[in-house]
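Notes to accompany the following structure.
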Number of protein chains: 2
Amino acid sequence: MRGAPAELTERHRDVLRVVIQDYIASAEPVGSRSVARKYGFRLSPATIRNVMADLAECGYLAQPHTSAGRVPTDQGYRIYVDSLMDRRPLTRAQEGMIEKRFYHVHEEVGDLMREATKLLSGLSRSVGVVLAPRVDQLAIRRIEFVQQSAERILVILVTTSGQVHHKMVALDEAIPQEELNTMARLLNAMVEGMSLSRVRQLLVKKMAEEKAMYDALLRQALKLGQKSFAEETEGEVYIDGTTNIMHEPEFADVEKMRAIFVAFDETSKLVRILDQCLGQQGLSVIIGSENVLREWQRLSLVMAPYYSGEQLLGTLGVIGPTRMDYDKIVPLVDFTARLVSRSLTEVAS
Amino acid sequence: MRGAPAELTERHRDVLRVVIQDYIASAEPVGSRSVARKYGFRLSPATIRNVMADLAECGYLAQPHTSAGRVPTDQGYRIYVDSLMDRRPLTRAQEGMIEKRFYHVHEEVGDLMREATKLLSGLSRSVGVVLAPRVDQLAIRRIEFVQQSAERILVILVTTSGQVHHKMVALDEAIPQEELNTMARLLNAMVEGMSLSRVRQLLVKKMAEEKAMYDALLRQALKLGQKSFAEETEGEVYIDGTTNIMHEPEFADVEKMRAIFVAFDETSKLVRILDQCLGQQGLSVIIGSENVLREWQRLSLVMAPYYSGEQLLGTLGVIGPTRMDYDKIVPLVDFTARLVSRSLTEVAS
DNA sequence: CCTTAGCACTCATACGACGAGAGTGCTAAC
DNA sequence: GTTAGCACTCTCGTCGTATGAGTGCTAAGG
């Protein structure tokens, strides 16, 4: 078995599990001695040492320096979450508590997102994040135009889920508020219940059809509609509990911590990372160096998508040091995603 | 002059100024030697020592330990900003750059606030904050009702300055969207251009008048209006550049830094502090322990109010360590407040 | 062949001593 | 009032040493 460790025996897996769990709990390199102890002394430290040497050779463990204990590598964590982990499900009491907290926030989607973020960060003692639904994908309930100045109007979009978005649109020529109202009425009748991206297609089609026709107002309305819906919107990110990770010993160095906080501030990059998780089916875990961006290589993400009915809306989860308590956090994220989905599904129906 | 230092001579003031400026630049206790040097050697270190001893006795300087140099106390900073400071005005180039950055953000008030925050934090290398106008004080341009479910409607308010606010309102009985539109029209005609707080008064008055009358729809509209405008809104805070202060040597200790960041996260407390500045006439500086809240005692604020025309809207400024570069930051905040006021005044007209 | 005891070896860490350097306060002379 | 001189204090960095945890290897035992 030396030289070229072909495959992991059951014992290797057991030891790896113990080492990782111990390291997650203590944040300190773990030695053969303490593994033997956790093992009930059925094996001697010397034996464990041999096993650990194998694991180190496979790249699942590393030692900070000769004669320190072993520390899991990102690869080690990967195996752990894929096949070694003991998921520690939420207690009934915790689940009840969470459900209660969601019970009161049917009001507005924004509140729901904020509540979910707080909940995730609070229970994980790490950073909670929610990638909010992109407006593109949501069904429109209403569009409204408000004249702001001669050549500027404020466009307000309301989604069926109760989100409100607004943007300014510049005009070539002034349009009186009265006319704007009529145009809004026309468009509302046309787009209610459709998603933004579908609306975009529809407008292009209608424009073509209408070209021949002679209803100037409708033409103008379509044109304004196109302007309003033009931009691809970027997902909004809710984030909470960043101060939690300051406690983690791995960020005791101020410079490292600063790097992390700068990373959290750059929401656009964060969005891109979270967008990746959207592509995945079900819960996904990204561990340290699996992340492309340098600033994120010391962090892990546990993310799960959430839905309204069948429709994928966004993703939510927890960001923490690679040495995070996956056993606890994976079930937490899973449960939270389910609950958010349920809330959103109820609102939509 | 020993024993009971009655009043500060010109020399005392000069020395105090030099010590504070040196400490702000170096973050290190300053000794008599270096003060003498900055003085052009017109006085010997020994003389300076006597002066500094007086200043220490008055409570303007302190020493971290015997045989270290002197460090300004909060009281020392207070005297400094009140009467010793050499304001270092912005250069023409800087002013031009700032004006340029504001030129493009007429679009939306939110953008303007965000831009101002970024600008303040960027140029000060500290934390920039803007306390946004409370909706109460802004003039309403438009109100809109969107039915969200049977007993819930979404109320959307647009201010003349282009801010959009929304909230959910629960109803006792369902009202069809058609009727909601009519009600919105009635209310719009009534409230356009008034501030929220004035609208509140108006509605109470109208309600009383209308009691006798028989227009059920109008009655209902007024009631709904009251619900919509009921709550006192809390000011929103924009904040940027929190990562800047991580560099400051006074926060090298992780625990202190965490305390600061927790403080920044508690926006409600922040709002209360900023509200205090609103009461002040003109630019105000709050130094360290002058702050009531424990978490804030290591920080200073330089804040200035901004207006739309004559009307006081909010306050903006910079938060940094007590050892911040007041010479530079005071003019910066002052200028930014002026510019924001100008932008807002233009939009309103 | 796997397991284990024993042992030499390697580092990180804590501790104390030591010296250098910066700065003070005081005293006495100018 | 100002200044030179001096003794004193205190921090900080360095260095050597002791300590202890943990390893890898070897050889003996099941």
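Any value given below was found using the heavy atoms of this structure, including those in side chains, with hydrogens, waters and symmetry copies removed. Below, chains carry the letters A, B, ... as their sequence lines are ordered, and counting in each starts from 1.
- Closest to the side chain of Arg70(A), from the set dT9(D), dT23(D), dA5(C), is dT23(D).
- At the heavy-atom level, Thr66(A) lies under 4.0 Å from the strands shown only through sugar-phosphate atoms.
- Contact check on Asp82(B) versus Arg78(B) returns a salt bridge, with a Lys/Arg side-chain nitrogen under 4.0 Å from an Asp/Glu carboxylate oxygen.
- Scanning atom types as modelled, one donor and one acceptor separated by under 3.5 angstrom connect the side chain of Ser67(A) and the base of dT10(C).
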- prompt: Under the side-chain hydrogen bond (donor to acceptor under 3.5 Å, both in side chains) criterion, do Tyr80(A) and Asp327(A) qualify, and how do the steps go?
  reply: CA-CA 10 Å; Tyr80(A) 180 74; Asp327(A) 293 4; 2.6 Å; yes
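- An OP1 or OP2 oxygen of dT3(C) is reached within less than 4.0 angstrom by no side-chain nitrogen or oxygen of Ser44(A).
- The nucleotide whose nearest atom lies closest to any side-chain atom of Arg33(B) is, among dG22(D), dT2(D), dG23(C), dG23(C).
- With salt bridges taken as basic N to acidic carboxylate O contacts below 4.0 Å, none links Asp325(B) and Arg125(B).
- Distance, His65(A) NE2 to dA21(D) P: 13 Å, rounded to whole Å.
- For Arg49(A), taking side-chain heavy atoms from C-beta onward, the closest of the listed nucleotides dG25(C), dG6(C), dT2(D) is dG6(C).
- Heavy-atom nearest nucleotides on DNA chain C were determined for Ala46(B) and for Gly69(B), and the one closer to the 5' end corresponds to Gly69(B).
- Remark: P of dT11(D) and CD of Glu28(B) are 15 Å apart, rounded to the nearest angstrom.
- At whole-Å resolution of the value, NE2 in His12(A) and P in dC2(C) are 11 Å apart.
- Proximity of Ser32(B) to the phosphate of dT24(C): a side-chain N or O atom is located under 4.0 Å from OP1 or OP2.
- Closest-nucleotide positions on DNA chain D for Gln63(A) and Arg42(B) were compared, and the one nearer the 5' end corresponds to Arg42(B).
- With distances taken from any side-chain atom of Asn50(B) to the nucleotides dT4(C), dT23(D), dT3(D), the minimum falls on dT3(D).
- Using a 4.0 Å cut-off between charged side-chain N and carboxylate O, Asp14(B) and Arg17(B) make a salt bridge.
- For Leu43(B), the side-chain atoms get nearest to dT3(D) when compared with the rest of dT4(C), dT9(D), dT3(D).
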